[in-house]
Structure formats: C-alpha cells, structure tokens
Q: 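This structure is in structure tokens; I'll ask about it shortly.
Every number for a ligand or one of its atoms is a count from 1 in the order of the listing.
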Amino acid sequence: MKVVVCVKQVPDTKGGVKFNPDGTLDRAAMLTIMNPDDKAGLEAALRLKDQYGAEVTVVTMGLPKAEEVLREAMAMGADKGILVTDRVLGGADTWATSQTLAGAIRNLDYDLIITGRQAIDGDTAQVGPQISEHLGIPVISYAQKIQIEGDSVVVERQYDDRYHVLKAKMPCLITALAELNEPRYMTPGGIFDAYKAEITTWGRADLKDVEDSNLGLKGSPTQIARASDKVRKGKGEKVALDPSESVEYIMNKLKEKHVI
Ligand SMILES: Cc1cc2nc3c(=O)[nH]c(=O)nc-3n(C[C@H](O)[C@H](O)[C@H](O)COP(=O)(O)OP(=O)(O)OC[C@H]3O[C@@H](n4cnc5c(N)ncnc54)[C@H](O)[C@@H]3O)c2cc1C
C-alpha cells in the first residue's frame with residue numbers, strides 16, 4: 001500500500017505574520033511549522049505504515065526552505081520526501097497550487113492521498129478536493145477516523161453534530177482534521193537519519209500533464225487585491241437608558257449592522 005501525504009510549511013502565527021509590499025505573505029521572514037491538520041494526516045499515514053507496512057511519501061510545494069518540513073516528516077517515520085520548488089510556481093492561488101501538486105503526484109504510485117483539511121495560513125480548505133478533481137479520484141473530507149477494508153477505505157466524516165461513515169474504493173483522497181489523532185514525536189535516531197536523508201527536488205519540468213497556463217501567479221484565476229490587519233474595535237459606547245428603551249436601542253443597533 002502506498003500513501004502520499006501533502007504537507008505544507010506554514011507560518012507559526014505565534015511568531016507574528018509578515019507581508020510583502022504587494023500583500024503576499026513574506027514566508028521567508030516568518031517562523032514556520034508543519035501545518036497541524038497535515039501533521040495529523042501524516043500520523044494517520046504512519047499508523048497505516050505500522051499496521052500494513054504502507055510506504056509513506058510526503059510532498060510539499062514551497063520555497064527551498066520548505067525542505068525542513070519534509071525532514072521533520074521523515075524524522076517522524078515517513079519514507080520519502082519530495083520538494084516541489086521553482087520560481088515559476090510562486091504566487092500560486094489554490095487552483096495553481098492544486099494543479100502543481102497533482103502534476104507532481106501523477107509521477108507517483110498511490111492508493112491513498114492524504115492532505116490536511118485546511119492550512120492555517122491560506123485557510124481555504126480547497127487544495128485537497130481540487131487535487132482529487134484533477135486526478136479524477138474520489139475525495140472524503142473532514143476525516144476523524146480512517147480504516148482500511150480490503151481495497152476500500154472507510155472514513156468517519158465529521159459534521160458539527162454528527163458524523164457520516166463513508167466507504168470509497170482506493171485510490172482515493174482524504175482530508176484530515178487535527179483532531180484525528182495525537183501525532184507522534186520525532187525520534188532521536190529518526191532526526192539523525194532524516195538529516196542525512198536524500199530529498200527529491202522537482203521543478204516545473206518534472207510536473208506531469210500540467211499546462212503552464214495553470215501554474216504560478218500567471219496561472220492563478222484569483223489574485224490578492226489587498227491585505228490588511230484586522231481593524232481593532234473601538235472603546236465601545238455607554239448609554240444610560242431604562243430597560244425597555246435599552247432593548248429597543250440594542251435591537252436597532254443590531255439591525256443597523258445587519259446582524260439580525
Ligand atoms: C488569490 C490568492 C493569491 C495567493 N498568492 C500567494 C502568493 O503570492 N504567495 C504565497 O506564498 N501564497 C499565496 N497564496 C496562498 C497560497 O495560494 C495558498 O497557500 C495555497 O493555495 C494553499 O491554499 P491554502 O493555504 O488555503 O490551503 P488549504 O486548501 O487550506 O490546504 C489544504 C491542504 O492542502 C495541502 N496543501 C496546501 N498547500 C500545500 C503546499 N504548498 N504543499 C503541500 N501541501 C499543500 C495541505 O495538506 C493542506 O492541509 C495565495 C492565495 C490566494 C487565494
């Protein structure tokens with residue numbers, strides 16, 4: 001069984017977020033971590049490795065520095081790491097990102113692809129389902145439990161107040177939630193091995209069956225027009241009214257702001 005896990009290096013928001021003058025994230029200047037949903041997806045894959053001897057390949061697209069996240073994944077137990085990096089891939093929106101990752105994955109054998117539900121920086125939750133569309137395979141999102149039954153995968157898909165149990169024939173793509181499990185730590189031996197391990201690096205030329213018009217900033221149907229910090233709320237307003245007038249006052253304010 002072969003499992004491909006898409007792992008994204010994201011800014012650690014505890015260290016602060018920095019923007020370039022054009023509104024894009026200045027990824028090189030920020031502290032980074034492995035995206036939490038992806039870490040749970042990787043842990044799920046490593047459990048399939050423990051149970052069924054699955055081969056786990058981690059793929060990331062990003063700056064050369066994103067190699068760090070692959071080494072971390074390998075120190076946790078992943079078998080292979082693939083870094084997809086190229087200047088022409090920069091500035092990608094979710095469409096171009098998913099096209100790039102699909103183009104890379106087409107070079108690999110896989111039964112299961114696992115992505116996180118969502119990356120904590122872009123926060124769109126679109127990349128996983130888009131990859132499955134490009135590859136023409138089923139997708140099950142919001143996985144809170146994953147089991148294998150013969151040539152199928154059985155997944156609990158989370159909702160606010162319930163879950164569905166879904167079964168899909170492999171190959172299939174699953175998007176994982178951070179709540180799925182408690183990811184393991186890197187082992188000291190794993191860290192040494194991962195430090196020395198060879199990381200495969202692919203560029204534009206290595207992507208299979210992808211048009212240039214679907215890649216990078218030029219191939220992105222959406223462009224960030226403006227980015228800004230959240231506007232902080234003012235001090236608030238004190239009003240002295242009797243109880244029935246206060247209710248009317250508050251209701252009018254809520255209507256004014258289209259809350260109700
Ligand atoms: C209009 C627009 C313009 C953008 N321009 C830029 C830009 O100029 N520079 C820039 O740095 N970013 C840019 N971004 C952000 C970048 O496109 C997103 O980070 C990327 O598309 C992934 O989307 P997401 O973070 O919302 O991932 P989600 O869809 O929330 O991620 C879901 C899962 O997909 C997988 N995944 C997502 N991205 C990757 C990846 N790169 N490698 C491996 N796995 C991955 C992970 O498993 C992740 O958990 C832009 C985004 C938009 C919407």
Side-chain angles (χ1 to χ4, degrees), residues 3-11 13 17-30 32-45 56-70 72-73 78 81-105 108 110 112-135 139-143 173-180 183 199-202 207 214-227:
V3 186
V4 173
V5 187
C6 295
V7 169
K8 187 182 184 189
Q9 192 179 45
V10 292
T13 40
V17 172
K18 296 178 184 66
F19 292 101
N20 291 313
D22 63 358
T24 57
L25 286 177
D26 185 355
R27 293 179 188 275
M30 291 185 284
T32 51
I33 53 168
M34 186 187 295
N35 182 53
D37 284 346
D38 304 358
K39 209 171 194 176
L42 173 62
E43 174 61 31
V56 178
T57 303
V58 272
V59 180
T60 195
M61 162 195 161
L63 300 170
K65 175 180 153 56
E67 184 186 299
E68 296 162 1
V69 88
L70 297 176
E72 182 180 349
I82 299 171
L83 170 68
V84 185
T85 188
D86 200 315
R87 266 181 196 282
V88 296
L89 304 175
D93 70 357
T94 62
W95 173 259
T97 300
S98 59
Q99 289 277 5
T100 303
L101 290 169
I105 293 170
L108 305 170
Y110 56 86
L112 206 57
I113 301 171
I114 304 182
T115 74
R117 171 224 8 215
Q118 185 164 337
I120 57 170
D121 55 349
D123 249 352
T124 67
Q126 293 172 355
V127 171
Q130 286 180 4
I131 295 173
S132 76
E133 277 291 320
H134 301 320
L135 298 176
V139 58
I140 304 179
S141 51
Y142 290 70
L173 187 145
I174 291 171
T175 80
L177 294 175
E179 299 92 296
L180 179 64
I199 301 279
T200 305
T201 302
W202 285 345
L207 304 179
N214 285 321
L215 296 175
L217 187 60
K218 283 197 186 131
S220 295
T222 50
Q223 310 271 315
I224 296 174
R226 201 164 68 89

Q: Should one rank Gln130, Gln118, Met61, Arg117 by closest heavy-atom distance to atom 40 (C) of ligand 1, which comes out on top?
A: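 When every heavy atom of Gln130, Gln118, Met61, Arg117 is considered, Met61 comes closest to atom 40 (C) of ligand 1.
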Q: Under a 4.0 angstrom heavy-atom cut-off, which atoms of ligand 1 come close to Thr222?
A: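 Reading through ligand 1 atom by atom, the close ones are 1 (C).
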Q: Quick one: does Gln9's side chain have a donor or acceptor within less than 3.5 Å of a partner on Glu67's backbone?
A: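 No, the answer is negative, given that no donor and acceptor are paired below the 3.5 Å cut-off.
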Q: So which heavy atom in the protein is nearest atom 14 (N) of ligand 1, and how far is it from that ligand atom?
A: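 Nearest neighbour among protein heavy atoms for atom 14 (N) of ligand 1, to 0.1 Å: Ala92 O, 3.5 Å.
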Q: Examine the proximity of ligand 1 to Thr175 and report which part, side chain or backbone, both or neither, has a heavy atom under 4.0 Å away.
A: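 Near ligand 1, Thr175 shows nothing, with every heavy atom at 4.0 Å or more.
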Q: Taking only heavy atoms of Asn35, which atoms of ligand 1 are found under 4.0 Å from at least one of them?
A: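 Close to Asn35: 49 (O).
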Q: Please say whether more than 12 non-hydrogen atoms of neighbouring residues, nucleotides or ligands are located less than 6.0 Å from CD in Gln223.
A: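 It does: Gln223 CD has more than 12 such atoms within range.
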Q: For atom 52 (C) of ligand 1, tell me which residue out of Asp93, Asp26, Val5 has the closest non-hydrogen atom.
A: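 Residue with the shortest heavy-atom distance to the ligand atom: Asp93.
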Q: Around atom 31 (O) of ligand 1, find the nearest protein heavy atom and jot down its residue, atom name and distance.
A: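 Checking every protein heavy atom, the shortest distance to atom 31 (O) of ligand 1 gives Ala119 N, 3.5 Å.
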Q: Let me know which of Val56, Leu173, Val59, Leu101 forms a side chain to side chain contact (heavy atoms under 4.5 Å, CB included) with Val4.
A: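 Passing option: Val59.
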Q: To which of Thr60, Val127, Val84, Val59 does the heavy atom nearest atom 23 (O) of ligand 1 belong?
A: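 The nearest heavy atom belongs to Val127.
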Q: Considering only the protein, which heavy-atom contact is closest to atom 44 (N) of ligand 1, and what is its distance?
A: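 Checking every protein heavy atom, the shortest distance to atom 44 (N) of ligand 1 gives Cys6 CB, 3.5 Å.
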Q: Regarding ligand 1, does Asp37 bring an N or O atom to under 3.5 Å of one of the ligand's N or O atoms?
A: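 In this structure, Asp37 places no N or O atom under 3.5 Å from an N or O of ligand 1.
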Q: Mark the output for Ser220 as yes if a heavy-atom distance to ligand 1 is under 4.0 Å, and as no if none is.
A: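 Ser220: no contact with ligand 1 (<4.0 Å).
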Q: Mind checking whether His134 and Ser98 have side chains closer than 4.5 Å, heavy atoms only?
A: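 Result yes, sub-4.5 Å side-chain heavy-atom pair found.
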Q: Output yes when a side-chain donor or acceptor of Asn35 lies under 3.5 Å from a complementary backbone atom of Ile120, and no otherwise.
A: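 Indeed, once roles are kept as given, a pair shorter than 3.5 Å links the two residues.
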Q: Any donor-acceptor pair under 3.5 Å linking the side chain of Thr175 with the backbone of Gly116?
A: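 Between the backbone of Gly116 and the side chain of Thr175 there is no qualifying donor-acceptor contact (under 3.5 Å).
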Q: Just need the protein heavy atom nearest to atom 8 (O) of ligand 1, so name the residue and atom and give the distance.
A: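 So the nearest neighbour among protein heavy atoms is Thr24 CG2, 2.8 Å.
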Q: Using modelled atom types and a 3.5 Å cut-off, is there a donor and acceptor pairing between side-chain atoms of Thr60 and backbone atoms of Val7?
A: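 Answer holds: yes.
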Q: Take every heavy atom of Gly62, measure it against each atom of ligand 1, and state whether any distance is under 4.0 Å.
A: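 For ligand 1, residue contact (heavy atoms, under 4.0 Å) with Gly62 is absent.
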Q: Taking the side chain as every heavy atom from C-beta outward, state whether Leu180 and Glu43 have any atom pair closer than 4.5 Å.
A: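 Not in contact.
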Q: Any nitrogen or oxygen of Ile224, side chain or backbone, less than 3.5 Å from one on ligand 1?
A: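 N/O-N/O distance under 3.5 Å: no.
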Q: Could I get the full list of salt bridge (charged side-chain N to carboxylate O under 4.0 Å, His left out) partners for Glu68, not counting sequence neighbours?
A: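 Expected list: Lys65.
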Q: When you measure from atom 33 (C) of ligand 1 to every protein heavy atom, which one gives the shortest distance, and what is it?
A: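 Protein heavy atom with the smallest distance to atom 33 (C) of ligand 1: Gly116 O, 3.3 Å.
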Q: So, the side chain of Asp38 versus the backbone of Lys8: is there a donor-acceptor pair under 3.5 Å, distance only?
A: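 Here the side-chain-to-backbone pair exists.
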Q: Nearest protein heavy-atom contact for atom 24 (P) of ligand 1: which residue, which atom, what distance?
A: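 Here the closest protein heavy atom is Thr124 OG1, 3.6 Å.
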Q: Could you tell me the separation between the OH atom of Tyr142 and the CD1 atom of Ile174, rounded to the nearest 0.5 Å?
A: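 Tyr142 OH to Ile174 CD1: 15.0 Å, rounded to 0.5 Å.
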Q: Distance to 0.1 Å, residue and atom name: give those for the protein heavy atom nearest to atom 11 (O) of ligand 1.
A: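 Nearest neighbour among protein heavy atoms for atom 11 (O) of ligand 1, to 0.1 Å: Arg27 NE, 2.5 Å.
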Q: Heavy-atom contacts with Val7 under 4.0 Å: which atoms of ligand 1 show up? List them by number with element.
A: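 Those qualifying, in numeric order: 42 (N), 43 (C), 44 (N).
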Q: Please enumerate all residues that pass side chain to side chain contact (heavy atoms under 4.5 Å, CB included) together with Ala96, with sequence neighbours excluded.
A: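 If we apply the side chain to side chain contact (heavy atoms under 4.5 Å, CB included) test to Ala96, skipping adjacent residues, the hits are Ala92, Asp93, Ser220.
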Q: For atom 21 (O) of ligand 1, grab the closest protein heavy atom and report residue, atom and distance to one decimal in Å.
A: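 Checked against all protein heavy atoms, atom 21 (O) of ligand 1 sits closest to Thr97 OG1, 3.0 Å.
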Q: Report yes if the side chains of Thr201 and Pro64 come closer than 4.5 Å at any heavy-atom pair, otherwise no.
A: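 No; the side chains remain at least 4.5 Å from each other.
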Q: If you measure from each non-hydrogen atom of Asp38 to ligand 1, which part falls under 4.0 Å: side chain, backbone, both or neither?
A: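 Near ligand 1, Asp38 shows its side chain, while the N, CA, C and O stay back.
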Q: Tell me the nearest of Gln126, Gln223, Lys8 to atom 18 (C) of ligand 1, using heavy-atom distances.
A: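 Looking at heavy atoms only, Lys8 sits closest to atom 18 (C) of ligand 1.
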